[in-house]
Amino acid sequence: MSDLTTAPPSIPVGTGLSMFDPLFLGIDEYGHPVYLPLIYRNILIGGEPGAGKSSLLNTIVGHAALCADVDLVLIDGKQVELGLWKDCADVFVGPDLDHAIDTLERLQEVMDNRYAYLLSQRRQKIHQGDDFDPILLAIDELAFFSATVGTKTEQEYFSALNRDIASRGRAVGIIDASATQRPSSDIIPTSLRFLFAWRFAGRCVDESSSDVVLGRGWAARGFSAASIDPDNRGEGLLLAHGGIPARVKGAYMSNDDIIRVADYAAWTRRTRRTTTTTTAAELGAVA
Ligand SMILES: Nc1ncnc2c1ncn2[C@@H]1O[C@H](COP(=O)(O)OP(=O)(O)OP(=O)(O)O)[C@@H](O)[C@H]1O
């Protein structure tokens, strides 16, 4: 059994779920469940249109929405991919580059404040039960903000902010989950890919696109997401602990499933903004 399938003895459900618990991501090619810890990690999701990227991102956001101890920052260029979680989100950004930049600037400030706090406490990273909670930053679609809308300067600024958050955010509990249907080196340069320890390549048009997501050289070693059947949506190669890409079929929630879970999660999260000492209120200031 690979490291990926070694589930912890028990994972709390309902209101006991924590962002420090691993996410149930799907099943591997042998039918084993795949669990992925997200805390202190970032995850990059790439693949051709229809490969199942947004569905995977919804699974990640769904896990986070059900956790009592995480703030949700959702940036969705299409609005409808993550839109069903809007009532759960501390900040929801639609196809608005200015709002996306404001939000990332704010997150950068939160990150710096958290580091100042850690320094004052002579610590290196946050722990479960700390005064401030983890933050999930989910971005769908990366290329919309980094290469489609706005001026080149704005796009570059957005990319620089995202890179900084992915680079420095992990120790202070900021998890960056970014998805793109354009796995090319202009959207995911090597310097960005390196910041994402976990990588999921859904079906890709060719081997070089697959390598842009997973890392150079994997296709030549027989790990190419171009070999995934185009009709097998939601399947991909997951590079995580173990260090070798594994075939995984992502868990899938239908629209109705998401609506049910999101309604429940919004209900459980309804008092967070007034009762927690987290950054939710600060983040909400840019909502
Ligand atoms: N894990 C899965 N299991 C079964 N079907 C899936 C899975 N993931 C996705 N699908 C199917 O594939 C369709 C497309 O998925 P999704 O919207 O997530 O793709 P995408 O890669 O985000 O596409 P785009 O880049 O166009 O946004 C879904 O509507 C669903 O029917």
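Quick caveat, the model's predicted, so the values are computed rather than measured. In listed order, ligands and their atoms are each counted from 1.
Within 4.0 Å of ligand 1, the residues that place a heavy atom are Glu48, Pro49, Gly50, Ala51, Gly52, Lys53, Ser54, Ser55, Lys78, Glu81, Gln181, Arg233, Gly234, Lys249, Gly250, Ala251, Tyr252, listed by chain and number.
Put simply, the side chain of Lys53 does not reach to within 4.5 Å of the side chain of Leu56, judged on heavy atoms. Put simply, the side chain of Thr59 does not reach to within 4.5 Å of the side chain of Leu25, judged on heavy atoms.
The list of salt bridge (Lys or Arg N to Asp or Glu O under 4.0 Å) pairs with a residue in residues 148-165, not counting sequence neighbours, reads Lys152-Glu156, Asp164-Arg168. Under the salt bridge (Lys or Arg N to Asp or Glu O under 4.0 Å) criterion, no residue pair touches residues 180-199, with sequence neighbours excluded.
Residues satisfying the side-chain contact (heavy atoms from CB on, under 4.5 Å) test with Arg123, not counting sequence neighbours, are Tyr117, Leu118, Gln121, His127, Asp130.
One hydrophobic cluster, built from ILVMFWY side chains closer than 4.5 Å, cannot hold both Tyr252 and Ile27; they sit in different ones.
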